[in-house]
Amino acid sequence: MAGGRVACGVAVVVTWRELVLFGRRELDDGRRVWQLPGGWIEPGESPPDAARREVLEETGLEIVAPVFVAVTSNLLGPDEQSISLYFEAECRDAARLSNRQGQPDDSWQWRQWHDVDDDLYLPLHLLRQTNYQPFCRVNLPTHFSF
């Protein structure tokens, strides 16, 4: 990050009917890896508001009551690190899903949580290592990966 700072972003486990929304991200080396909707928190924005905004911008979906579930520290390279705050939220209307921001047609897919376990973007890989499980509605624990 510029100036030796660590950026903070949000990622959202968007759920619908026991499915989770996953997307594909193309890395600099051409590999396509799985990710969750999300992005950077803007100045003056709360993390839950950033989660709502990013999901809407990237997928066209509105989410209901995002709940904080995890945090990871992502060392992406020798001079690149970020912190990801994870939220889980049900979408209002899955039929509104659209691929935005010039993404390929297969960019967003509803999948079972356990069906996507390889070719993961580093933050999602770190989240999976915490043993976080979506759809745990009672006494939702917070998961950490540092």
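The chain is numbered in sequence order, starting from 1. None of the values given here were measured: they were computed from a predicted structure. Just so it is clear, the values below take in all heavy atoms, side chains as well, and ignore hydrogens, waters and symmetry mates.
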- Near Asp28 CG, under 6.0 Å, is it more than 12 heavy atoms from other residues, nucleotides or ligands? no
Separation of [Y] [atom2] from [X] [atom1] (nearest 0.5 Å):
{"X": "Ile83", "Y": "Cys8", "atom1": "CD1", "atom2": "SG", "value": "6.5 Å"}
{"X": "Leu36", "Y": "Glu58", "atom1": "CG", "atom2": "CD", "value": "10.0 Å"}
{"X": "Ser98", "Y": "Leu61", "atom1": "OG", "atom2": "CG", "value": "7.0 Å"}
{"X": "Asp117", "Y": "Trp34", "atom1": "CG", "atom2": "CH2", "value": "11.0 Å"}
{"X": "Gln35", "Y": "Leu122", "atom1": "CD", "atom2": "CG", "value": "12.5 Å"}
{"X": "Leu124", "Y": "Asp119", "atom1": "CG", "atom2": "CG", "value": "11.0 Å"}

Search all heavy atoms of [X] against all heavy atoms of [Y] and return the closest pair with its distance.
{"X": "Leu127", "Y": "Tyr132", "answer": "CD1-CB, 3.9 Å"}
{"X": "Leu76", "Y": "Ser82", "answer": "CD1-OG, 4.1 Å"}
{"X": "Pro48", "Y": "Pro66", "answer": "O-CG, 4.0 Å"}
{"X": "Trp40", "Y": "Glu45", "answer": "O-OE1, 4.3 Å"}
{"X": "Ala94", "Y": "Trp110", "answer": "CB-CZ2, 3.9 Å"}

- Query: Is the NZ or CZ atom of Arg25 both under 6.0 Å from the centre of the six-membered ring of Tyr121 and within 45° of that ring's axis?
  - Reply: yes
- Is it the case that Arg128 places NZ or CZ above or below the six-membered ring of Trp113, under 6.0 angstrom from the centre and within 45 degrees of the axis? yes
- Task: Quick one: sort the Phe87 and Phe68 rings into parallel, tilted or perpendicular, breaks at 30° and 60°.
- Result: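 Phe87 vs Phe68 ring planes: perpendicular.
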- Item | Verdict with reasoning, Val33 to Leu120, per side-chain contact (heavy atoms from CB on, under 4.5 Å) | CA-CA 5 Å; Val33 294; Leu120 304 177; 5.9 Å; no
Lys/Arg-Asp/Glu bridge criterion (N-O < 4.0 Å) met for [X], [Y]:
{"X": "Arg31", "Y": "Glu26", "answer": "no"}
{"X": "Glu62", "Y": "Arg92", "answer": "yes"}
{"X": "Asp49", "Y": "Arg52", "answer": "yes"}

- Would His114 and Gln133 satisfy side-chain contact (heavy atoms from CB on, under 4.5 Å), going step by step from the backbone distance to the final call? CA-CA 9 Å; His114 294 291; Gln133 299 294 315; 3.0 Å; yes
- Please lay out, stage by stage, how Val10 and Ile41 fare under the test side-chain contact (heavy atoms from CB on, under 4.5 Å). CA-CA 7 Å; Val10 296; Ile41 299 170; 3.8 Å; yes
When hydrophobic residues are tied together by side-chain contacts of less than 4.5 Å, even through go-betweens, does [X] share a cluster with [Y]?
{"X": "Val64", "Y": "Leu56", "answer": "no"}
{"X": "Tyr86", "Y": "Leu75", "answer": "no"}
{"X": "Leu27", "Y": "Leu126", "answer": "yes"}

- Query: Stepwise, does the side-chain contact (heavy atoms from CB on, under 4.5 Å) test hold for Trp16 with Leu21?
  - Reply: CA-CA 8 Å; Trp16 177 70; Leu21 187 64; over 6 Å; no
- Just by distance, do the side chain of Thr72 and the backbone of Asn74 share a donor-acceptor pair under 3.5 Å?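 Between the backbone of Asn74 and the side chain of Thr72 there is no qualifying donor-acceptor contact (under 3.5 Å).
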- Item | Distance-only side-chain donor-acceptor flag, Thr15 / Glu88, under 3.5 Å | no
